[in-house]
Protein chains: 2
Amino acid sequence: MSISVAEENYIKTIYQLQMHEDLVSTNAVAAALQTSAASVTDMLKKLKLKKLLVYEKYKGFKLNQQGIQTALGIIRKHRLWETFLVNTLQFKWDEVHEVAEQLEHIQSAQLIQHLDQFLGNPQFDPHGDPIPDAAGKIPIREQINLTQLPVHAMGKISAVGSQSSDMLALLRHKQIELGATIKVEQIFAFDESIDVTINQATLVNISAKLAKHLYVKTIAL
Amino acid sequence: MSISVAEENYIKTIYQLQMHEDLVSTNAVAAALQTSAASVTDMLKKLKLKKLLVYEKYKGFKLNQQGIQTALGIIRKHRLWETFLVNTLQFKWDEVHEVAEQLEHIQSAQLIQHLDQFLGNPQFDPHGDPIPDAAGKIPIREQINLTQLPVHAMGKISAVGSQSSDMLALLRHKQIELGATIKVEQIFAFDESIDVTINQATLVNISAKLAKHLYVKTIAL
DNA sequence: AATAATTTTTAGACAAATCTAAAAATTAAT
DNA sequence: ATTAATTTTTAGATTTGTCTAAAAATTATT
């Protein structure tokens with residue numbers, strides 16, 4: 001059973017949204033794809049029928065394992081093509097997105113396998129985003145920015161990107177220090193602030209500005 | 001006004017057919033695209049509306065200058081991608097067609113420009129077919145097989161691919177010799193035989209087998 | 001808790017590309 | 001030159017993905 005380009009675009013978008021919020025809303029998808037909420041509902045029915053997502057009327061939805069694997073396949077293709085465009089064809093990193101959006105829908109396992117090999121099996125694309133392997137496994141960067149950590153993920157503070165005394169005072173106040181474990185509980189879309197649990201004990205809110213200066217080593221759950 | 005993938009496939013097919021027969025028939029397109037004659041008629045109306053072809057009901061049709069330019073753009077992309085797949089990604093020459101059929105529809109002038117440059121501005125694809133340049137100009141191979149010469153094209157016999165006495169006897173009988181000018185008058189689909197005028201005087205029929213052994217330098221009309 | 005606001009779904013319509021079956025036009029054959 | 005066969009077109013239906021407007025469900029507010 002083949003998947004259309006439109007379906008692929010929905011799957012990719014839903015995947016990206018459910019990285020941040022566990023359940024995805026109809027309106028969020030509509031906004032991301034610049035379409036109407038009614039169209040999203042229509043597509044949700046189709047994707048449910050194809051057993052790619054878990055969905056109950058009015059209750060939000062998310063991709064199931066099958067859907068996630070499908071999404072990772074599309075993201076893999078997208079990022080391999082971006083790598084190709086920048087590394088091989090000399091595109092600038094900010095010129096590649098539109099073209100990669102088209103190339104990611106080309107259907108040929110052989111093509112992707114050869115492209116991957118030609119590029120030297122890259123683990124990260126030119127933007128630094130991880131490229132899932134053929135099985136859907138996502139490489140973990142040793143150290144990532146806290147803003148990159150998805151909801152529910154855990155990490156250990158490995159570096160701070162500033163030495164300002166104001167910032168150090170704030171960290172002391174929130175009991176955040178190098179080596180502390182941190183778990184992302186919730187990400188607030190409005191101001192991009194993050195609720196985290198420190199050392200599996202205290203819940204604190206971290207502003208977007210502070211998060212940009214904190215780096216973590218991810219911990220497998 | 002943008003052109004859909006379906007429209008592009010029709011345009012490419014019509015172009016290829018009108019290389020052989022001056023006017024193209026509804027059924028020929030339907031057969032080539034494995035679709036119904038009714039669908040072809042529907043599409044012809046759309047393409048006429050977009051001013052890409054000359055069409056009158058029941059009277060056959062052909063691409064106009066605008067349509068030919070569009071077709072050449074698609075063929076250029078197809079052949080550049082085939083070159084990329086074989087030369088860069090190590091595909092075998094007989095594995096590339098299906099994938100190139102998809103890649104030829106990617107819309108990005110910049111992508112094709114960069115790809116062309118990366119490949120070293122190739123003039124011919126791995127099958128030996130000419131790659132139109134960005135302006136639609138088709139490179140002429142010094143010497144091509146007679147079977148490659150389209151209807152109405154002229155050439156000068158430049159080589160014969162066999163020295164068998166049977167063949168030489170046949171050539172003498174038809175008054176074909178090195179340096180003779182040859183003009184393709186008609187190509188018969190049934191047995192792929194060709195009617196040609198020799199030295200702008202005598203009309204003779206050349207079998208597919210004989211044509212395969214004759215090479216010509218093309219002459220601009 | 002009742003009402004208001006928001007979100008989501010349904011209902012009905014539309015455009016693109018296709019189909020089948022039947023009608024119209026052209027071409028071939030007796 | 002009629003009739004038969006073939007080709008092409010029309011008419012009407014279908015699928016996919018979309019839309020708007022209205023109804024239903026949920027969430028927020030007073």
Side-chain angles (χ1 to χ4, degrees), chain A residues 1-14 17-18 20-63 70 74 101-102 104-105 107 186 188-190, chain B residues 1-14 17-18 20-62 70 74 101-102 105 107 186 188-190:
Chain A
M1 199 179 299
S2 75
I3 298 177
S4 72
V5 169
E7 287 168 340
E8 287 195 346
N9 284 330
Y10 275 94
I11 290 167
K12 197 178 66 159
T13 299
I14 294 168
L17 290 170
Q18 82 184 30
H20 292 277
E21 300 273 339
D22 211 65
L23 273 185
V24 183
S25 76
T26 304
N27 267 356
V29 174
L33 286 175
Q34 308 228 77
T35 186
S36 70
S39 299
V40 176
T41 302
D42 287 346
M43 185 57 89
L44 290 176
K45 289 183 198 159
K46 286 181 209 160
L47 295 178
K48 184 181 185 182
L49 215 71
K50 291 195 174 187
K51 300 191 196 305
L52 294 171
L53 52 73
V54 179
Y55 164 54
E56 272 183 276
K57 288 208 295 189
Y58 293 104
K59 294 201 164 181
F61 46 89
K62 62 179 172 184
L63 298 177
T70 304
I74 301 162
E101 289 280 292
Q102 295 181 62
E104 75 191 4
H105 301 296
Q107 303 293 154
Q186 211 171 339
F188 300 95
F190 176 69
Chain B
M1 201 179 296
S2 75
I3 299 178
S4 73
V5 169
E7 287 167 340
E8 287 196 345
N9 283 330
Y10 275 94
I11 290 166
K12 198 179 64 159
T13 299
I14 294 168
L17 290 170
Q18 81 185 33
H20 292 277
E21 301 272 340
D22 211 65
L23 273 184
V24 182
S25 76
T26 304
N27 267 356
V29 174
L33 286 175
Q34 308 226 77
T35 185
S36 69
S39 301
V40 176
T41 302
D42 287 346
M43 185 58 90
L44 289 176
K45 289 183 196 160
K46 285 181 210 160
L47 295 178
K48 185 181 183 181
L49 214 72
K50 290 196 175 187
K51 297 190 199 303
L52 294 171
L53 53 73
V54 180
Y55 164 54
E56 272 183 276
K57 287 209 294 190
Y58 294 103
K59 295 202 165 182
F61 47 88
K62 62 179 172 183
T70 304
I74 301 162
E101 289 280 291
Q102 294 181 61
H105 301 296
Q107 303 292 156
Q186 210 172 339
F188 300 95
F190 176 68

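Just so you know, these numbers come straight off a predicted model, no measurement behind them. Letters A, B, ... are given to chains in the order of the sequence lines, protein chains preceding strands, and every chain is numbered from 1.
Dashed line: the shortest gap from a side-chain N or O of N27(B) to OP1 or OP2 of dT8(D) is under 4.0 Å. Residue T26(A) places at least one side-chain N or O closer than 4.0 Å to OP1 or OP2 of dT9(C). Between dT9(D) and T41(B), a contact under 4.0 Å exists linking OP1 or OP2 to a side-chain N or O. Under 4.0 angstrom from either OP1 or OP2 of dT20(D) there lies no side-chain N or O belonging to S36(A). Taking only side-chain nitrogens and oxygens, T35(A) never comes nearer than 4.0 Å to OP1 or OP2 of dT18(D). The shortest distance between the side-chain N/O atoms of K57(A) and the OP1/OP2 oxygens of dT26(D) is not below 4.0 Å. Between Y55(B) and dT9(D), a side-chain N or O to OP1/OP2 separation shorter than 4.0 Å is present.
K59(A) comes within 4.0 angstrom of no nucleic acid atom, judged by non-hydrogen atoms across all strands. Y10(B) comes within contact range of the sugar-phosphate backbone alone, with a heavy-atom separation under 4.0 Å but no base atom that close.
Between the CD atom of E7(B) and the C1' atom of dT18(C) there is a distance of 14 Å, given to the nearest Å. Rounded to an integer number of Å, the gap from CG of L33(A) to P of dC19(D) is 10 Å. Separating the CG atom of L49(A) from the P atom of dT16(D) is a distance of 11 Å, rounded to the nearest angstrom. Protein atom CE of M43(A) is 11 Å distant from nucleotide atom P of dC19(D), rounded to whole Å. Here the P atom of nucleotide dT18(D) and the CG atom of L44(A) are 12 Å apart, to the nearest Å. For the pair F61(A) CZ and dT7(C) P, the computed distance is 14 Å after rounding to whole Å. E21(A) has its CD atom 14 Å from the P atom of dT7(C), to the nearest Å. If you take CD of E56(A) and P of dT26(D), they are 11 Å apart, rounded to a whole angstrom.
With K12(B) contributing its side chain and T70(B) its backbone, the two residues share no donor-acceptor pair below 3.5 Å.
Across dG17(D), dC19(C), dA11(C), the shortest atom-to-atom separation from the side chain of A38(B) is found for dC19(C). Each of dT8(D), dT18(C), dT9(C) was ranked by its minimum atom distance to the side chain of D42(B); first place goes to dT18(C). Each of dT8(D), dC19(C), dT10(D) was ranked by its minimum atom distance to the side chain of K45(B); first place goes to dT10(D).
Other residues, nucleotides and ligands place no more than 12 heavy atoms under 6.0 Å from the NZ atom of K62(A).
With rounding to the nearest 0.5 angstrom, the CD atom of E8(A) is 11.0 Å from the CD atom of E101(A). Between atom CD1 of residue I11(B) and atom CD1 of residue I3(B) there is a gap of 4.5 Å, rounded to the nearest 0.5 Å.
Counting heavy atoms from C-beta on, the side chains of L52(B) and Y10(B) never come closer than 4.5 Å.
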